[in-house]
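Order of the sequence lines fixes the chain letters, A, B, ..., with proteins taken first and strands second; residue numbering starts at 1 for each chain.
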Amino acid sequence: MGTSVTACLGSLGRMPELPEVESVRRQLVPELTGRRIVDAWYDAHPHARLTEVALAVGHRIVEVRRRGKFLLLPLDDGPVSPARPLELVLHLGMTGSLSIGPTSTATGDPDAGLTHVRVRYDLDDGRTLRFRDPRRFGRASVVDADDYAATVPTLATLGPEPLTEAFDPEAFAAALARTSAPVKARLLDQRLVAGVGNIYADEALWRAGIHPASRRVGRTRAVALHRHLVTILEAAVEREGTTFRDYQMVNGASGRYADFLDAYGQAERPCRRCGTTMARTTVAGRGTTFCPSCQRH
DNA sequence: CCTGGTGCCTGGGTGC
DNA sequence: TGCACCCAGGCACCAG
């Protein structure tokens, strides 16, 4: 029961996109599945995106799922069976991370030496799940399962999971054809496809040879972009296991992961495809790196 | 409906 | 060494 080591299951300095969140999910499954939440505490900061956190108390975590960048923890009926099943929704934002470690009674320190803890859940195995979030961009909410429209808007309109058959190339191409916004803005807005953030948007657009600010992406290029998105996300999910362990900051990414990046963080370096100096601009309000030569509008 | 712009938040980096 | 400034960005929200 319990452990003296606090396992960190977070982003460790990189913004968590689908592969990072999937990695966290896989680490959480053996720790949290079947555990009952016996007590809760949360940060009362007025801008904290923490709602109904305490409703989880008394309920067991049935499983640990993921949709896009959201972690979804369905809860069992608990002591008082609610009209609808409850679900704990977690989003790591930019800087969020989760850890499982000793309870406050074991250490005398509620946060076990950790900084910026926003939520604590004491578990029935004598350990505590802690949600850390220095910049408060993440969220934690207990909501009615599968009824997100009023509670988690982005989740309510979330697009298909890119690593499932629900992510269809023809539907993706058709959706892109229907928009006039920059293609990168559409990749980031979570409705066309779930889980893509700034890093993988830049990477996929580079691979597909598409300018991030392009407002016209025809069927052929859209299908290529779809294929590259899947390939890149699959590769990133595979690499996550090692990325968390030997974490080192290099251009905002871990040591091993940095070698994998062709666009993100590569400004002023030669394009790995054509040698042109990579450029940096702003698209959809986000820092964007691209090759001005081989990524076309 | 769609689109683009702004604010939230704070650690870390830069420039003087 | 100290200090002011500014950037990173996922998502919510708002105006047009």
**Q** Got a donor-acceptor contact below 3.5 angstrom from the Arg25(A) side chain to the Val64(A) backbone?
**A**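 Indeed, once roles are kept as given, a pair shorter than 3.5 Å links the two residues.
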**Q** I want to verify a distance call: between dG9(C), dA8(C), dC11(C), whose nearest atom is closest to the Asn198(A) side chain?
**A**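 Per side-chain heavy atoms of Asn198(A), the pick is dG9(C).
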**Q** Rounded to whole Å, how long is the line connecting atom CG of Asp189(A) with atom C1' of dC2(B)?
**A**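 The answer, rounded to whole Å, is 11 Å.
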**Q** Touch check for Arg178(A), heavy atoms < 4.0 angstrom, all strands: base, sugar-phosphate only, or nothing?
**A**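 Nothing, no heavy atom under 4.0 Å.
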**Q** Give the nucleotide from the list dG10(C), dG4(B), dA8(C) with an atom nearest to the side chain of Arg280(A).
**A**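 Closest nucleotide to the Arg280(A) side chain: dA8(C).
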**Q** Given atom CG of Leu188(A) and atom P of dC11(C), what is their separation to the nearest angstrom?
**A**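 In whole Å, dC11(C) P and Leu188(A) CG are 9 Å from each other.
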**Q** Can a donor-acceptor pair be found between the side chains of Arg186(A) and Thr179(A) at a distance below 3.5 Å?
**A**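 Arg186(A) vs Thr179(A): donor-acceptor pair found between side chains.
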**Q** Let me know the distance between CZ of Arg118(A) and C1' of dG11(B), rounded to the nearest Å.
**A**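 Atom-to-atom, Arg118(A) to dG11(B), this comes out as 12 Å.
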**Q** Closest approach to the side chain of Tyr264(A), judged atom by atom: which nucleotide of dG11(B), dG9(C), dC11(C) is it?
**A**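 Closest nucleotide to the Tyr264(A) side chain: dG9(C).
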**Q** Between atom CZ in Arg49(A) and atom P in dC13(C), what is the gap in whole Å?
**A**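 My rounded result for the distance is 9 Å.
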**Q** Suppose we define a pair by two distances each less than 3.5 Å, Watson-Crick or G-U wobble; what does dC1(B) pair with here?
**A**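 Its partner is none (no Watson-Crick or G-U wobble pair with both distances under 3.5 Å).
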**Q** If only atom types and distance count, is the side chain of Arg221(A) paired as donor or acceptor with the main-chain N or O of Ala208(A) below 3.5 Å?
**A**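 No: the side chain of Arg221(A) does not pair with the backbone of Ala208(A).
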**Q** Looking at His45(A), I'd like to know whether one of its side-chain N or O atoms comes within less than 4.0 Å of OP1 or OP2 on dC8(B).
**A**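 Negative; the distance criterion is not met.
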**Q** What donor-acceptor contacts under 3.5 angstrom involve side-chain atoms of residues 137-144 of chain A, with partners at least two apart or in another chain?
**A**
unit_1	atom_1	unit_2	atom_2	d
Arg139(A)	NE	Ser141(A)	OG	3.3
Arg139(A)	NH2	Ser141(A)	OG	2.9
Arg139(A)	NH2	Thr151(A)	O	3.2
Ser141(A)	OG	Thr51(A)	OG1	2.7

**Q** Given dG11(B), dC8(B), dT3(B), which nucleotide is nearest the side-chain atoms of Phe137(A)?
**A**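 Within the option list, the nearest is dC8(B).
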**Q** Establish, with yes or no, whether the OP1 or OP2 oxygen of dC11(C) is under 4.0 angstrom from a side-chain nitrogen or oxygen of Arg135(A).
**A**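 No, because none of the side-chain N or O atoms of Arg135(A) sits under 4.0 Å from OP1 or OP2 of dC11(C).
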**Q** Taking atom C1' of dG4(B) as reference, at what distance in whole Å does atom NZ of Lys184(A) sit?
**A**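 That distance rounds to 16 Å.
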**Q** Would you kindly compare Arg286(A) and Arg191(A) by the position of their nearest DNA chain B nucleotide and give the one closer to the 5′ end?
**A**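 It is Arg191(A), whose closest nucleotide lies nearer the 5' terminus.
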**Q** By the 4.0 Å heavy-atom rule, please label Pro182(A) as base, sugar-phosphate, or nothing.
**A**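 Sugar-phosphate, backbone atoms only, no base.
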**Q** Can you tell me if Tyr200(A) touches the phosphate of dG9(C), counting only side-chain N or O atoms and a distance under 4.0 Å to OP1 or OP2?
**A**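 The answer is no; no side-chain N or O of Tyr200(A) sits under 4.0 Å from OP1 or OP2.
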**Q** Expressed in angstrom and rounded to an integer, what is the separation of Arg136(A) atom CZ from dT10(B) atom P?
**A**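 Atom-to-atom, Arg136(A) to dT10(B), this comes out as 5 Å.
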**Q** Any sub-3.5 Å donor-acceptor pair from Arg67(A)'s side-chain atoms to Ala194(A)'s backbone N or O?
**A**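 Pair absent, no side-chain N/O of Arg67(A) close to backbone of Ala194(A).
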**Q** Do any side-chain nitrogens or oxygens of Thr179(A) fall under 4.0 Å of OP1 or OP2 in dT3(B)?
**A**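 Checking dT3(B) against Thr179(A), a side-chain N or O does come within under 4.0 Å of OP1 or OP2.
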**Q** dG9(C) P sits how many Å from Gln190(A) CD, rounded?
**A**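 So the CD-P distance, Gln190(A) to dG9(C), works out to 15 Å.
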**Q** Start at the 5' end of DNA chain B and walk down; is the nucleotide closest to Ser180(A) or to Gly285(A) reached first?
**A**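 This one resolves to Ser180(A).
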**Q** Determine, stepwise, if the pair Trp41(A) / Val117(A) fulfils side chain to side chain contact (heavy atoms under 4.5 Å, CB included).
**A** CA-CA 10 Å; Trp41(A) 170 91; Val117(A) 172; 4.3 Å; yes
**Q** Measure the distance from NE2 on His91(A) to C1' on dC11(C) and round it to the nearest whole Å.
**A**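 Result: 7 Å.
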**Q** What I want to check is whether an N or O donor and acceptor connect the side chain of Arg139(A) with the base of dC11(C) at under 3.5 Å.
**A**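 Under the 3.5 Å cut-off, the side chain and the base do not form any donor-acceptor pair.
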